[in-house]
Amino acid sequence: MATRTAVVGSQVGLHARPASVIAEAAADFDDEILLSVDGDEGIDASSVMLIMTLGAEKGTVVTVESENAEAVEKIAALIEADLDA
């Protein structure tokens, strides 16, 4: 399992727009991608609603996990980007 931590870069955190961008990217992969905060149980990264339940604000550390290392890197990069810019 590939794992990487990423620091939320969007000014509004992982709210509606950033969550939507991340969920769409995650849905492009066949492998399951999980996101978690503070060691909590991972949520499905292809669900906008579940991403928003993380409560991840700017600066929050999010763990990204998947069997697909490319997917982990793609989603981690999106989490770190300011998707509201």
Side-chain angles (χ1 to χ4, degrees):
M1 172 100 43
T3 303
R4 180 172 164 212
T5 58
V7 177
V8 176
S10 289
Q11 295 297 317
V12 297
L14 298 185
H15 199 43
R17 183 175 169 4
S20 176
V21 171
I22 292 166
E24 286 179 25
D28 288 341
F29 292 96
D30 292 332
D31 299 287
E32 181 178 52
I33 304 166
L34 300 175
L35 304 179
S36 62
V37 174
D38 293 331
D40 291 341
E41 184 175 337
I43 58 95
D44 181 359
S46 65
S47 170
V48 174
M49 294 304 290
L50 289 176
I51 292 172
M52 291 180 10
T53 67
L54 289 173
E57 300 176 355
K58 180 174 175 64
T60 299
V61 176
V62 177
T63 301
V64 184
E65 295 180 88
S66 178
E67 292 295 329
N68 184 330
E70 178 185 350
V72 168
E73 291 303 316
K74 170 75 175 189
I75 299 306
L78 288 172
I79 290 170
E80 292 173 338
D82 185 356
L83 298 175
D84 288 311

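Between Glu32 and Ser66, the closest heavy-atom pair is O-OG, 2.8 Å. Nearest heavy-atom pair, Ala6 versus Ala76, reported as atom, atom and distance to 0.1 Å: CB-O, 3.6 Å.
Note that the CD1 atom of Ile75 and the CD1 atom of Ile51 stand 7.5 Å from one another [nearest 0.5 Å]. Taking CD of Glu70 as the start and CG of Asp31 as the end, the distance is 9.5 Å to the nearest 0.5 Å. Here the CG-CG distance, from Leu50 to Leu14, works out to 12.5 Å after rounding to the nearest 0.5 Å. Taking CD1 from Ile33 and CD1 from Ile22, the interatomic distance works out to 10.5 Å, rounded to the nearest 0.5 Å.
Within 6.0 Å of atom CG in Asp28, more than 12 heavy atoms from other residues, nucleotides or ligands are found, so the atom counts as buried in its surroundings.
Under a hydrophobic-cluster definition in which Ile, Leu, Val, Met, Phe, Trp and Tyr are linked whenever side-chain heavy atoms come within less than 4.5 Å, directly or via other members, Val8 and Val48 are assigned to different clusters. A single hydrophobic cluster is not seen to contain both Met52 and Val12; linkage of ILVMFWY side chains at heavy-atom distances under 4.5 Å, directly or through other members, places them apart.
With hydrogens and angles ignored, the 3.5 Å screen pairs no side-chain donor or acceptor of Lys58 with any backbone N or O of Ser10.
In this structure, the side chains of Gln11 and Asp82 come closer than 4.5 Å at one or more pairs of heavy atoms.
Met1 belongs to no hydrophobic cluster with other residues, because no ILVMFWY side-chain heavy atom falls under 4.5 Å from its own, directly or through intermediates.
Checking Ser46 against Asp44 by side-chain atom types alone, a donor-acceptor pair falls below 3.5 Å.
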Without placing hydrogens or testing angles, list every side-chain donor-acceptor pair under 3.5 Å for residues 34-42, not counting sequence neighbours.
none

